[in-house]
Amino acid sequence: MDAGNNSFDWISHRLSHHGPAIRDVPGYRRAAVALILSRIDAGYRMLFIERATHPGDPWSGNIGFPGGKVEKDDVDTRHAAERETMEELGVDLGKAEYLGRISDHDGAHLPVLLSCFVYGIVEEQIEFTISEEVKDVFWLTIEELTDSDSRGMHEFTFAGDRFESPCVRLPYEDKPVLWGLTYRLVTEFLEKTGEMKITEVK
């Protein structure tokens, strides 16, 4: 990926060139998240949260992007992603550079339809105010996300089902693996921006 000198133009160009699939699945609950990028050297890194453990939350303790349910007062799904990011992290995405969106994805185990919006931000200008919904917030470089040694299969139990799913093993011993909808969103983003070179998982 050619990051250019001082902008996120390459990301915006690639996302607009590969248009997203916008979907509507009757009966599915809509949710929205923000994929936030910052510049690092000649490349980028991506912001993730580790969700706090809450009884009744199906994504409790998982790695994901800031976001949540689309509420009736939200103007649209993008507004929901920005509102949730402010509520969870205290980050105002109105001051970030909006770069586009990637395709909507539906849950494999729950009736949810997830929209994802991409932003570029100057990391030095961020001050996190983490809500009780979030245990931790951290960055991963594109290299860490595409390292073939970090990708593999993992056995999960979700909603009473036991299965194997592709994942990214994070470079932190105290973090769970990245999987599920967030894994699918990250993979699509990397493919559309030309960074996805992984042909198989281990």
Side-chain angles (χ1 to χ4, degrees), residues 1 3-12 14-15 30-54 57 59-71 73-102 114-147 150 168-183 185-186 188-190 193 195:
M1 181 188 298
N5 292 324
N6 296 298
S7 75
F8 297 93
D9 289 349
W10 173 250
I11 299 291
S12 180
R14 295 291 293 181
L15 291 178
R30 294 205 69 100
V33 296
L35 190 165
I36 302 171
L37 301 168
S38 72
R39 292 294 310 277
I40 177 171
D41 299 325
Y44 304 92
R45 57 183 184 174
M46 194 178 297
L47 186 72
F48 292 91
I49 63 172
E50 180 181 359
R51 296 203 167 276
T53 301
H54 289 294
D57 179 1
W59 292 283
S60 178
N62 280 3
I63 302 300
F65 296 132
K69 292 188 300 183
V70 177
E71 305 288 356
D73 293 335
D74 288 318
V75 176
D76 51 27
T77 49
R78 177 179 166 186
H79 177 265
E82 295 180 356
R83 173 185 55 77
E84 286 280 349
T85 300
M86 173 61 79
E87 291 176 3
E88 292 181 345
L89 299 180
V91 175
D92 182 3
L93 291 178
K95 299 178 180 179
E97 183 177 350
Y98 176 65
L99 305 177
R101 65 186 293 182
I102 54 182
L114 186 63
S115 299
C116 181
F117 301 88
V118 184
Y119 299 84
I121 200 164
V122 178
E123 186 178 339
E124 291 76 11
Q125 296 176 352
I126 300 177
E127 291 186 10
F128 296 114
T129 304
I130 299 176
S131 77
E132 63 179 12
E133 299 177 44
V134 178
K135 179 180 179 181
D136 194 15
V137 58
F138 59 96
W139 299 90
L140 291 175
T141 67
I142 298 300
E143 288 74 18
E144 288 169 329
L145 290 166
T146 56
D147 181 2
S150 72
V168 176
R169 303 180 189 93
L170 305 187
Y172 306 106
E173 292 184 359
D174 62 336
K175 301 285 185 230
V177 299
L178 187 161
W179 73 289
L181 279 169
T182 305
Y183 175 93
L185 293 172
V186 168
E188 181 182 338
F189 172 82
L190 295 172
T193 54
E195 278 297 315

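This chain uses plain numbering: 1 for the first residue, then up along the sequence.
- Expressed to the nearest 0.5 Å, how far CD of Glu88 lies from OG1 of Thr85 amounts to 7.0 Å.
- From Asp136, atom CG reaches atom CD1 of Ile49 across 10.0 Å, with rounding to the nearest 0.5 Å.
- At a threshold of 4.5 Å between non-hydrogen side-chain atoms, the residues Leu185 and Leu35 do not count as touching.
- Of all heavy-atom pairs spanning Gly67 and Arg51, the tightest one is O-NH2, 3.1 Å.
- Here Ser115 pairs with Arg30, Arg101, Asp104 under the side-chain hydrogen bond (donor to acceptor under 3.5 Å, both in side chains) rule; sequence neighbours left out.
- The one candidate from Met86, Glu82, Glu84 that meets the side chain to side chain contact (heavy atoms under 4.5 Å, CB included) condition with Leu93 is Glu82.
- In this structure the side chain of Phe48 reaches within 4.5 angstrom of the side chain of Val186, judged on heavy atoms.
- Within the 3.5 Å criterion, the main-chain N or O of Glu71 finds a donor-acceptor partner in the side chain of Asp74.
- Here the side chains of Leu181 and Val33 are not in contact, with every heavy-atom distance at 4.5 Å or above.
- Contacts of Asn62 classified as side-chain contact (heavy atoms from CB on, under 4.5 Å), with partners at least two apart in sequence or in another chain: Trp59, Trp179.
- When all heavy atoms of Arg45 and Ile40 are compared, the closest pair comes out as N-CG2, 3.8 Å.
- The shortest heavy-atom contact between Glu144 and Val168 is O-CG1, 4.4 Å.
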Full working for side-chain contact (heavy atoms from CB on, under 4.5 Å) between Ile63 and Tyr183: CA-CA 9 Å; Ile63 302 300; Tyr183 175 93; over 6 Å; no
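- When side chains are defined from C-beta on, Glu97 counts as touching Asp9, because their heavy atoms get closer than 4.5 Å.
- Here the side chains of Val118 and Ser12 are not in contact, with every heavy-atom distance at 4.5 Å or above.
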Worked check of side-chain contact (heavy atoms from CB on, under 4.5 Å) between Ile142 and Thr193: CA-CA 11 Å; Ile142 298 300; Thr193 54; over 6 Å; no
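- Between atom CG of residue Asp92 and atom CD of residue Gln125 there is a gap of 11.5 Å, rounded to the nearest 0.5 Å.
- Ile36 has its side chain within reach of Pro66: a pair of non-hydrogen atoms, C-beta onward, lies under 4.5 Å apart.
- Gly61 approaches Pro176 most closely through the heavy-atom pair O-CG, 3.5 Å.
- Sequence neighbours left out, the pairs with a member in residues 117-141 that pass ring pair (Phe, Tyr, Trp, His ring centres under 6.0 Å) are Tyr98-Tyr119, Phe138-Tyr172.
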Working for side-chain contact (heavy atoms from CB on, under 4.5 Å), residues Phe65 and Leu114: CA-CA 11 Å; Phe65 296 132; Leu114 186 63; over 6 Å; no
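- With sequence neighbours excluded, the residues forming a salt bridge (charged side-chain N to carboxylate O under 4.0 Å, His left out) with Glu188 are Lys192, listed by chain and number.
- Closest heavy-atom contact between His54 and Glu132: NE2-O, 3.3 Å.
- For the side-chain hydrogen bond (donor to acceptor under 3.5 Å, both in side chains) test, no residue two or more places apart in sequence or in another chain qualifies with Ser60.
- The OG1 atom of Thr141 sits 10.0 Å away from atom CE of Met46, with the distance rounded to the nearest 0.5 Å.
- Closest heavy-atom contact between Ala81 and Ala34: CB-N, 4.2 Å.
- Counting heavy atoms from C-beta on, the side chains of Leu47 and Ile126 never come closer than 4.5 Å.
- Glu87 pairs by the salt bridge (charged side-chain N to carboxylate O under 4.0 Å, His left out) definition with Arg83, not counting sequence neighbours.
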